Novice: 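Structure below; questions to follow.
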Amino acid sequence: MRATGTGDDDREAAWVEEAAEAFAADRRPPRPRTARERALLRVMAALRAGRRELPEPSPEFRARVEALVREAAGEEPAWPPAAQGARGRREGVTRRELLRWAGVAALLATAASVGADWILDRLGAGRGEGARGGWREAAQSAEVAEGAVVYRDVAGESLFLVRRGGRVRALSAFCTHMPCLLHADPAAGQLVCPCHGARFDLAGRSLPSTYALPLPSLPEFPAREADGRILVWIG
Amino acid sequence: MEEAFQADAAALADVYRRMIRPLYRYVYRQVGNREDAEDIAAEVFVRATRWLRPEAGERQVRAWLMRAAKSAIREFWRATYRSPPLVDWDVERVAYIELAEEAEDEAGRRARREVEELLRGLPERYRRVLELRFLEGLSVRETAERMGVSEANAKVLQHRALLSAARLSPRGAPRRGGEGDGHGG
């Protein structure tokens with residue numbers, strides 16, 4: 001090795017040692033820069049992953065997931081954590097919390113049939129300027145005729161606008177199996193996934209298909225019409 | 001109606017909580033370090049809170065989480081290692097593994113088999129240095145002491161052992177084709 005040592009060789013050796021140290025400390029290794037480094041990193045990761053005993057999830061990680069879960073369940077927001085100090089002090093419900101709440105409600109809005117009205121009541125509190133989420137114009141009402149399925153990108157979300165019985169709904173355009181973009185088949189009244197053949201009806205419900213398990217329904221975004229425009233709440 | 005919604009949401013939250021440990025360990029078995037495992041597993045929970053309906057049943061949620069973990073791991077390996085994951089089940093099989101503990105056990109068995117595979121046929125000293133450093137988690141200094149060599153030697157040995165396990169030649173050796181020269185990356 002000594003005899004053949006080159007700049008590249010030394011660089012690689014230094015990188016290997018850095019990566020080995022990171023794994024020993026259970027930290028993220030440096031990202032590989034070459035095909036060789038990728039191959040070496042893969043061996044190191046495989047060795048560490050195949051240890052007999054694995055560490056338990058850390059308390060910090062549990063707290064991180066707990067914060068997500070509590071927030072999604074509409075329980076007491078666990079964020080910001082107490083450690084962030086007096087700044088997060090509450091004087092009743094702050095505007096910020098209301099806005100956050102509205103965002104969470106929008107995420108959970110797929111329970112439309114159960115709780116749409118209830119959610120929309122609360123969304124009202126979050127409307128207006130300065131909100132992270134907001135009502136965004138997705139299309140002109142006239143663009144979405146009865147029975148039509150129209151694809152739109154709105155504020156970073158990919159949506160299908162669907163009108164049935166006069167009412168417009170906004171469904172996520174991604175399959176709930178893996179994030180493949182669905183194709184609309186308005187004639188059949190279906191949304192079809194090109195990846196594994198999953199199918200959804202125009203209410204976003206998973207239909208029997210070649211894919212064996214029933215999939216979760218498509219997330220639905222709150223939608224309303226005003227002044228000839230279709231507005232969608234993007235949280 | 002509001003109460004039903006709240007009750008569903010609370011039940012779902014409990015399923016998530018019970019899934020923290022098996023999901024985390026399942027992911028760890030495929031990335032080998034805490035930081036990446038935490039980020040990937042957290043991302044799965046983020047997606048779940050965004051995508052799953054509160055009234056989804058427990059079996060469905062568990063199956064969904066395992067599928068989401070599988071696809072998050074695939075994305076991670078593709079981006080970082082440009083290779084398939086260490087443990088790669090066919091999609092249908094994973095779709096039916098609803099018990100996360102079972103999936104985790106299976107991941108553990110596969111991961112240990114992969115280690116045996118990597119170490120098989122290596123010269124004894126290569127095997128030893130990898131065991132000490134990566135399986136037992138010793139420092140370079142401790143590894144050197146156990147093996148009765150200098151630290152510098154232990155590092156060289158470790159590098160060579162990894163190359164050997166990866167079926168690569170040392171850099172200085174003539175080897176053409178395929179490999180980039182490492183510049184500009």
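Here is the naming used below: chain letters follow the sequence lines, and residue numbers restart at 1 for every chain. It should be emphasised that the depicted structure is a prediction, and the values quoted were computed from it without experimental measurement.
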Novice: With a 4.5 angstrom heavy-atom cut-off, which part of B:D14 approaches chain A: side chain, backbone, both or neither?
Specialist: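 No part of B:D14 comes within 4.5 Å of chain A.
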Novice: For side-chain contact (heavy atoms from CB on, under 4.5 Å), just list the numbers for A:E17 and B:Q158, CA-CA rounded to whole Å, side-chain angles, deciding distance to a tenth of an Å, and then say yes or no.
Specialist: CA-CA 9 Å; A:E17 184 46 31; B:Q158 162 183 285; 2.8 Å; yes
Novice: Please test B:R112 against A:R52 for side-chain contact (heavy atoms from CB on, under 4.5 Å), starting from the C-alpha separation and ending with a verdict.
Specialist: CA-CA 7 Å; B:R112 285 198 292 276; A:R52 206 150 282 280; 3.9 Å; yes
Novice: Measuring heavy-atom distances to chain B, does A:E60 have an atom under 4.5 Å in its side chain, in its backbone, in both, or in neither?
Specialist: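 No part of A:E60 comes within 4.5 Å of chain B.
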Novice: Hey, is B:R47 close enough to B:E75 for a salt bridge, meaning N to O under 4.0 Å?
Specialist: yes
Novice: Would A:E220 and A:R205 pass as an ion pair if we require N to O under 4.0 Å?
Specialist: no
Novice: Heavy atoms, side chains only, cut-off 4.5 Å: are A:F160 and A:L202 in contact?
Specialist: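 No, side chains not in contact.
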Novice: Counting only non-hydrogen atoms closer than 4.5 Å, does B:E38 touch chain A with its backbone (N, CA, C, O), its side chain (CB onward), both, or neither?
Specialist: both
Novice: Looking at chain A, which one of B:D36, B:V115, B:L162 has the largest number of heavy-atom pairs inside 4.5 Å, strictly under?
Specialist: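 Ranked by contacts with chain A, first place is B:D36.
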Novice: Can you confirm if the NZ or CZ of A:R224 lies within 45° of the ring axis of A:W135 and under 6.0 Å from the centre of its six-membered ring?
Specialist: yes
Novice: Among A:A39, A:A46, A:A24, who wins on heavy-atom pairs under 4.5 Å with chain B?
Specialist: A:A46
Novice: Give the member of A:S172, A:P57, A:A25 that has the highest number of heavy-atom pairs under 4.5 Å with chain B.
Specialist: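 The answer is A:P57.
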Novice: Under 4.5 Å heavy-atom distance to chain B, tell me which part of A:V65 shows up: side chain, backbone, both or neither.
Specialist: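 Only the side chain of A:V65 comes within 4.5 Å of chain B.
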Novice: What closest approach, in Å, do A:P55 and B:R25 show between heavy atoms, and which atom pair accounts for it?
Specialist: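 Of all heavy-atom pairs spanning A:P55 and B:R25, the closest is O-NH1, 4.1 Å.
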Novice: Counting heavy-atom pairs closer than 4.5 Å to chain A, which one of B:W77, B:F45, B:W64, B:Y28 comes out on top?
Specialist: B:Y28
Novice: What part of B:V31 gets within 4.5 angstrom of chain A, counting heavy atoms only: side chain, backbone, both, or neither?
Specialist: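 For B:V31, backbone heavy atoms alone lie under 4.5 Å from chain A.
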Novice: Could you tell me which portion of B:L118 (side chain, backbone, both or neither) has an atom closer than 4.5 angstrom to a non-hydrogen atom of chain A?
Specialist: side chain
Novice: Please flag which part of A:R31 lies under 4.5 Å from any non-hydrogen atom of chain B: side chain, backbone, both or neither.
Specialist: side chain
Novice: Compare all side-chain heavy atoms of A:E21 with those of B:V140 and state whether any distance is below 4.5 angstrom.
Specialist: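 Side-chain contact under 4.5 Å: yes.
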Novice: With a 4.5 angstrom heavy-atom cut-off, could you sort out which part of A:A13 is near chain B: side chain, backbone, both or neither?
Specialist: both
